[in-house]
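Below is one structure, written out as structure tokens; the observations come after it.
Both ligands and their constituent atoms are indexed starting at 1 by order of listing. Note that the structure is predicted; figures quoted are calculated from it, not measured. For reference, positions follow the sequence shown, starting with 1.
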Amino acid sequence: MKILITDGLAKDAIAALREFAEVDEHFYEPDALGEALKGYDAVIIRSATQIRQAQIDIAKTGQLKLIVRAGVGIDNIDHAYAKDQGIHVRNTPSANANAMAELTLAQLFAVSRFIAAANVTMRKGEWNKKNYRGVELAGKTLGLIGFGHTARLLADKCAALGMDILYYDIVGADDQVPYTYADMADLIQKADFITLHTPASKDGKPLLDGSAIASMKDGVRLVNCARGGLIDEAALLEALTTGKVAAAGLDVFVGEPDVNLDLVNHPNVSVTPHLGAQTYEAQARVGKEVVDVVKEELC
Ligand code: MLT
């Protein structure tokens, strides 16, 4: 069996794959990827590799049977098309959820206490204590949009910090959780902090556009560690400038890694370069789950 890893994988997982397969590690540009995939039974990718219809059309003439996304989001794969062509697409839905929840929590602290901006100005020799009076999380309402693995872990952590939890999910309320379900319009109006936990929208339109932002509380704080494009970046920048949105924590961006530098440099924005799953623990769990998926599918 031949396996290609294009965006890296935990060392232990690569060693485990090598016990039963020939494994190559190589990143291919989109133009060369389809042809390369013809020679492999499975390809394992993270977020940098895009497997679109063009690559699938070439790969399907070879031996490719399986695409594994080492992570949650499969928006970088034309997965419905791959399935139609008989190529299975699998992901690791919960393996990095705690890492994602912890980074979202870190961004919640960052947007409430000016941690990013204070770092930047202090390194320039400034002591801006008076400018950086923040707000506390305790006693505030957190609205989670999307209520999968990551959001549930985050809700528990934030409830422990004394936040009131509202959540919305496309599948509706879950009677098993001790939190309050709200429809999205209601959540948007009531929350002091809003975090996003959904996949990219299918039509590419932002979930939170200018009119959604307009209906939020004045001084709302937003965190997006889910997918770039879920918040309209131009509308967000405008709302940060007017103060409608007090601060935003962003780990994901439209067109990343080529990001909107006006947004990234806004003093009330805390940014990280798509680090949600970037912990040793999460990558070890993801790697283990990837190996299990490959064995289940191909052995
Ligand atoms: C994911 O979809 O799993 C996350 O975006 C993390 C990542 O791929 O780095």
To which protein heavy atom is [atom] closest, and what is the distance rounded to 0.1 Å?
| atom | answer |
| --- | --- |
| atom 9 (O) of ligand 1 | R46 NH2, 3.1 Å |
| atom 6 (C) of ligand 1 | A277 CB, 3.5 Å |
| atom 8 (O) of ligand 1 | R69 NH2, 2.8 Å |
| atom 4 (C) of ligand 1 | H274 NE2, 3.7 Å |

request  = Go through ligand 1 atom by atom and flag the ones less than 4.0 Å from a non-hydrogen atom of G71.
outcome  = 3 (O)

message = Given 3.5 Å as the limit, does a donor-acceptor pair link the side chain of D251 with the main chain of H274, or not?
response = yes

ask   = Are the side chain of Y181 and the backbone N or O of D169 linked by a donor-acceptor pair below 3.5 Å?
value = yes

message = Can you tell whether the side chains of D78 and R52 come within less than 4.0 Å, N to carboxylate O?
response = yes

request  = Before accepting this row, confirm whether a basic side-chain N of the pair K288/D292 lies closer than 4.0 Å to the acidic partner's carboxylate O.
outcome  = yes

ask   = If we ignore angles and hydrogens, is there a donor and acceptor under 3.5 Å between the side chains of S215 and Q189?
value = no

message = Whether the D41 and Q63 side chains hold a donor-acceptor pair (N or O, under 3.5 Å, no angle test) is what I'd like checked.
response = yes

request  = Pick one of side chain, backbone, both or neither for how N96 approaches ligand 1, counting any non-hydrogen atom pair under 4.0 Å.
outcome  = side chain

inquiry  = So, 4.0 Å and heavy atoms of R227: is ligand 1 close enough to count as a contact?
reply    = yes

K244, NZ: over 12 other non-hydrogen atoms inside 6.0 angstrom = yes

ask   = Taking distance alone, with no angle check, do V72 and ligand 1 share an N/O pair under 3.5 Å?
value = yes

message = Evaluate G73 for polar contact with ligand 1, using N/O atom pairs at a separation under 3.5 Å.
response = yes

